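Reminder, nothing fancy here: chain letters follow the sequence lines and each chain counts from 1. Note that the structure is a prediction, hence the values are computed from the model and not measured.
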Amino acid sequence: MNNFVNVILPIPLQQLFTYSITEAEKDFLEPGMRVAVPFGKSKIYTAIVAEVHQKEPTAYQAKDIFQILDERPIITKKQLKHWQWIANYYMCSLGEVLRSALPSTFLLESETQVIKNKEFTSESSLTDDEFLIIEALEHQEVLPIQKISAILDKKRVLPILNNLLKKKAIVLQEEIIEQYTPKLIKYIRLNERYIDQVALGELLEELSRANQQRNAVMTYFSLHGATKKPIKQKQLKEVSKVSPAVIKALVEKEVFEVYTIQTDRVNFQEATDSFKELSEFQEECYNDLNTSFEKNEVVLLHGITSSGKTEIYVKLIDQVLKQGKQVLYLVPEIALTTQLIDRLQKYFGNKIAVFHSKYSLNERVEVWNNVLNKSDKAQLILGARSSIFLPFSELGLIIVDEEHETSYKQFDPAPRYHARDAAIVLANLHKAKVLLGSATPSLESYYNAEQKKYGLVELNRRFGNVLLPEIELVDIKEGYRKKRMTKHFSERLMVLINEALDEKEQIILFQNRRGYSPIVECKSCGVSPQCPNCDVSLTYHKLRGELKCHYCGYHKPLPKICSACGNPSLDTKGFGTEQIELELQELFPNHKIGRMDLDTTRGKYGYHKIIEAFQSREIDILVGTQMLSKGLDFDNVSLVGVLNADNMLNFPDFRAHEKSFQMLLQVSGRAGRAKKRGKVAIQTFNPYHQILQQVTTNDYATMYKEQLYERHQYKYPPILRMVKITLKHRDYIKVTSGADWLYTSLYNTFGTNILGPTSPAISRIRNQHIKTILIKLPQDKSINLSKAVIQKIKNSFQSIPNYRPIRFNVDVDNY
DNA sequence: AGCACGCCGACT
DNA sequence: GTCGGCGTGCTC
């Protein structure tokens with residue numbers, strides 16, 4: 001009987017691929033294992049086994065697999081089901097899901113290696129390039145193709161290599177490179193023969209003249225006696241203060257032995273704190289949640305900022321861990337949650353594993369393996385959106401914290417999934433519960449709760465009855481008209497800042513734009529420098545004296561004269577965080593100003609440093625973009641200022657109002673903790689805007705009602721679902737005609753439910769012209785059916801030769 | 001997606 | 001004459 005496997009390859013192709021396997025391989029292979037398979041002319045890829053079967057393909061000859069890479073599945077059956085759901089729902093291939101889901105370390109790829117043929121001698125027959133290669137191979141026997149390319153400084157080296165191959169001068173070989181390197185730590189132990197007291201006495205006697213060596217041995221004993229644990233070489237060196245040579249000498253004398261243990265790169269301490277006593281309201285909320293979970297799979301917890309949601313989560317987590325089940329705690333942006341990690345770590349100690357993209361690949365593999373092995377170290381997983389892809393075996397609870405955050409949605413590349421929604425499906429597969437938590441729930445979740453699809457629990461008290469901050473709107477239209485502004489600060493805001501500084505309290509200022517100023521404009525001719533690759537104005541970054549594009553990374557020095565008219569009359573318009581920071585330094589020279597935005601938080605510990613400096617009160621005023629609004633608690637902040645609320649409100653998106661409300665309330669929540677009532681000042685040109693009014697009264701209910709009414713009126717989610725199609729190409733005419741064609745074909749099925757084609761606000765990025773089409777999925781038809789139609793139209797689109805090179809992205813639930 | 005193949009214009 | 005540009009087709 002012939003045996004075959006269907007495998008998922010990490011490429012964006014819809015189909016699975018079938019390979020032939022031997023009888024022995026059939027007995028060994030299971031879905032979820034990795035195999036290395038030859039693909040195309042020469043490459044070897046890592047694939048995941050999806051199915052083992054006996055159905056021989058008829059249209060082609062299946063190739064043999066190259067190698068089995070695992071002894072047991074590294075992907076669980078539940079994961080494979082979950083992947084399938086994501087691929088179907090978000091209209092992408094399983095291969096794309098695979099690429100996102102698996103740490104890239106697991107995806108070994110072959111690299112072609114060039115090896116010299118030793119029997120080859122007739123070097124005279126070689127061309128110059130060929131000779132260079134052979135010469136390089138004299139020094140180093142094996143060279144990857146890239147190196148060859150570098151040596152010759154040419155891109156196309158394959159023809160040359162083919163000639164060498166013909167002349168039998170070289171051999172090619174595909175090498176698979178294992179990327180994961182376990183971290184090994186050196187330990188020291190005493191040679192067995194000195195366990196005997198007499199032998200030990202003799203040893204010490206023998207070392208009586210070697211003071212340092214004796215010292216090292218004595219230190220070993222005191223360490224060993226104190227901890228009874230294996231002793232690291234490093235530790236011994238540090239405590240005894242001897243040089244490495246001393247230890248080496250003892251090893252050579254066979255007094256000490258060195259051995260290595262593979263360790264995890266990330267280790268947490270044991271738990272140090274016991275759980276906090278819940279307040280009366282928290283306790284009540286906790287009980288409500290448990291009651292709600294009896295009836296609902298998903299419960300939405302709407303708890304105002306500082307209501308102590310985390311403490312309630314902790315109690316729920318503990319309850320689930322005690323049943324021996326795993327808990328996934330999703331957070332929007334893990335790098336911002338060092339405070340949360342610290343807190344959870346105190347309660348759960350080394351049961352926590354953290355998973356996010358700023359971790360190194362090796363660290364991610366370790367977390368993956370720990371989860372797969374159901375290790376004690378990974379009972380509670382704290383992670384960003386991609387942690388829904390970890391190989392859980394027995395998930396009991398998923399917490400989605402700050403459920404409304406947009407960073408749960410992946411926009412590029414595919415799979416364009418929403419981690420909250422994918423988490424609910426994942427929980428379903430595990431029969432686990434989901435808790436969505438937020439102070440400002442997304443309309444869709446609140447709607448689902450209202451429709452009784454989710455349970456709903458509300459928590460309206462701040463912990464310790466701290467009052468909600470007092471929010472005032474400051475009209476800056478007047479201020480500007482009467483020239484009463486101090487740079488970008490209104491009189492009122494200046495008063496509040498001075499008051500807070502006098503009281504030695506800290507201040508957070510929020511401006512949702514980085515750089516110095518978003519537009520540079522010539523006062524003589526009105527021309528402003530644009531990015532050559534994108535359809536945007538360049539942002540001025542004063543510190544670096546540069547004009548920068550925030551979309552493609554293009555940058556150049558600020559020109560002295562206008563490139564259009566030649567006059568030295570360039571001026572800046574609008575302002576970003578950098579300008580605010582500089583203004584503050586001028587206005588408050590005796591206070592320390594900090595800035596937190598994408599530009600200052602690069603690197604693994606970028607955030608950490610700034611947050612710590614602010615927490616330890618080294619910084620008095622912190623200026624930042626929206627990243628300030630996420631999950632940070634500072635106990636000495638009495639004032640939060642929003643410099644301009646209008647650009648958010650006027651953003652051209654159906655969710656602009658909802659998002660503004662959420663962001664403003666979240667930033668406001670940073671004000672006034674423990675001690676006293678905080679103050680929030682929101683500067684705006686339009687203080688009568690209904691959203692701003694709702695923010696001042698913390699009126700979620702009215703905001704929800706009004707926004708939902710509008711969504712009904714204009715048929716937007718959560719009333720309807722949407723799919724967004726994005727077309728991109730370098731040729732403007734090509735995309736435009738493609739978009740028109742697409743509109744016409746979609747019109748037959750969807751009629752007026754299609755919006756577009758439109759050029760987005762930024763219609764060209766990295767020299768790619770963009771067109772978008774929005775499809776509102778009709779309520780009266782099945783969503784799957786509608787998606788099938790879209791898929792069919794996509795296929796026809798791509799079979800038109802002229803449109804084939806146009807990039808075609810489908811984004812389901814593009815919000 | 002990646003990669004080979006093949007066809008065409010710009011240079012040693 | 002070759003190098004390298006990119007359009008086209010295919011991958012079990």
Side-chain angles (χ1 to χ4, degrees), chain A residues 2-22 25-26 29 31 34-68 87 91-102 104 107-112 127-130 132 144-146 148-163 165-166 172 174 176 412-416 728-731 733-735 738 767-768 794-795 797-810:
Chain A
N2 292 323
N3 296 294
F4 301 93
V5 272
N6 285 354
V7 299
I8 307 167
L9 279 160
I11 48 174
L13 292 172
Q14 290 300 328
Q15 343 96 42
L16 297 182
F17 288 82
T18 306
Y19 287 83
S20 149
I21 52 171
T22 64
E25 286 167 338
K26 182 204 83 176
L29 281 173
R34 290 176 308 156
V35 285
V37 295
F39 190 70
K41 274 263 150 72
S42 60
K43 272 230 140 182
I44 290 173
Y45 278 103
T46 305
I48 303 289
V49 176
E51 194 194 345
V52 182
H53 62 88
Q54 277 82 38
K55 293 158 274 182
E56 176 149 22
T58 49
Y60 52 87
Q61 176 70 46
K63 287 184 185 173
D64 292 339
I65 63 165
F66 176 71
Q67 197 182 322
I68 299 175
M91 300 182 70
C92 66
S93 74
L94 273 171
E96 287 169 317
V97 184
L98 162 64
R99 242 195 208 297
S100 267
L102 218 56
S104 58
L107 292 175
L108 316 169
E109 261 181 47
S110 71
E111 206 178 353
T112 310
T127 65
D128 286 355
D129 279 348
E130 291 171 359
L132 274 173
I145 291 216
Q146 291 155 332
I148 305 260
S149 178
I151 290 166
L152 297 183
D153 195 24
K154 269 183 194 161
K155 277 189 182 170
R156 281 176 65 90
V157 289
L158 252 120
I160 305 168
L161 290 177
N162 279 335
N163 280 335
L165 214 53
K166 256 185 246 154
L172 294 183
E174 289 293 314
I176 300 171
D412 241 351
R416 298 178 174 81
K728 287 187 203 166
H729 195 265
R730 285 173 40 226
D731 180 354
I733 295 167
K734 203 185 272 259
V735 239
N767 278 324
Q768 299 271 316
K794 180 183 175 182
N795 293 343
F797 182 87
Q798 291 181 324
S799 63
I800 299 168
N802 192 32
Y803 297 150
R804 260 199 53 182
I806 301 177
R807 284 178 165 279
F808 192 119
N809 286 344
V810 185

Visitor: If you apply the rule side chain to side chain contact (heavy atoms under 4.5 Å, CB included), what do you find for A:V5 with A:V37, and how did you get there?
Guide: CA-CA 11 Å; A:V5 272; A:V37 295; over 6 Å; no
Visitor: Name the residue closer to the 5' end of DNA chain C, choosing between A:L16 and A:P801 according to the nucleotide with the nearest heavy atom.
Guide: A:P801
Visitor: Checking only heavy atoms, does the side chain of A:Y19 share a donor-acceptor pair with the base of C:dC12 at less than 3.5 Å?
Guide: no
Visitor: Side chains of A:Q54 and A:N2: any donor to acceptor distance under 3.5 Å?
Guide: no
Visitor: Run the side chain to side chain contact (heavy atoms under 4.5 Å, CB included) check on A:E25 and A:N3 step by step: do they pass?
Guide: CA-CA 9 Å; A:E25 286 167 338; A:N3 296 294; over 6 Å; no
Visitor: Partners of A:E51 by salt bridge (charged side-chain N to carboxylate O under 4.0 Å, His left out), sequence neighbours excluded?
Guide: A:K55
Visitor: Can you tell me the distance, in whole Å, between the CG atom of A:L9 and the P atom of C:dC10?
Guide: 18 Å
Visitor: Salt bridge (charged side-chain N to carboxylate O under 4.0 Å, His left out) with A:K63: which residues, sequence neighbours excluded?
Guide: none
Visitor: Taking side chain to side chain donor-acceptor pair (under 3.5 Å) as the definition, give me every residue that meets it alongside A:K41, ordered by chain and number, with sequence neighbours left out.
Guide: none
Visitor: Kindly give the heavy-atom pair with the smallest separation between A:P805 and A:P801, and that separation in Å.
Guide: CD-O, 3.6 Å
Visitor: Hey, does A:P10 reach any base, or is it just sugar-phosphate, or nothing, if we go heavy atoms under 4.0 Å?
Guide: nothing
Visitor: If you write DNA chain B from 5' to 3' in dot-bracket form, with Watson-Crick or G-U pairs under 3.5 Å, [ ] for crossing pairs and | for pairs with another strand, what do you get?
Guide: |||||||||||.
Visitor: For A:R804 and C:dG7, give me the distance from atom CZ to atom P, rounded to whole Å.
Guide: 11 Å
Visitor: Name each donor-acceptor pair under 3.5 Å that joins a side chain in residues 10-21 of chain A to protein atoms two or more places apart or in another chain, with its distance.
Guide:
from  : atom 1 : to    : atom 2 : distance (Å)
A:T18 : OG1    : A:N6  : OD1    : 2.9
A:T18 : OG1    : A:Y60 : OH     : 3.4
A:Y19 : OH     : A:P38 : O      : 2.7
A:S20 : OG     : A:D64 : OD1    : 3.2

Visitor: Is there any protein nitrogen or oxygen under 3.5 Å from a nitrogen or oxygen in nucleotides 1-3 of chain B, and what are the pairs?
Guide:
from  : atom 1 : to    : atom 2 : distance (Å)
B:dC3 : OP1    : A:K43 : NZ     : 3.1

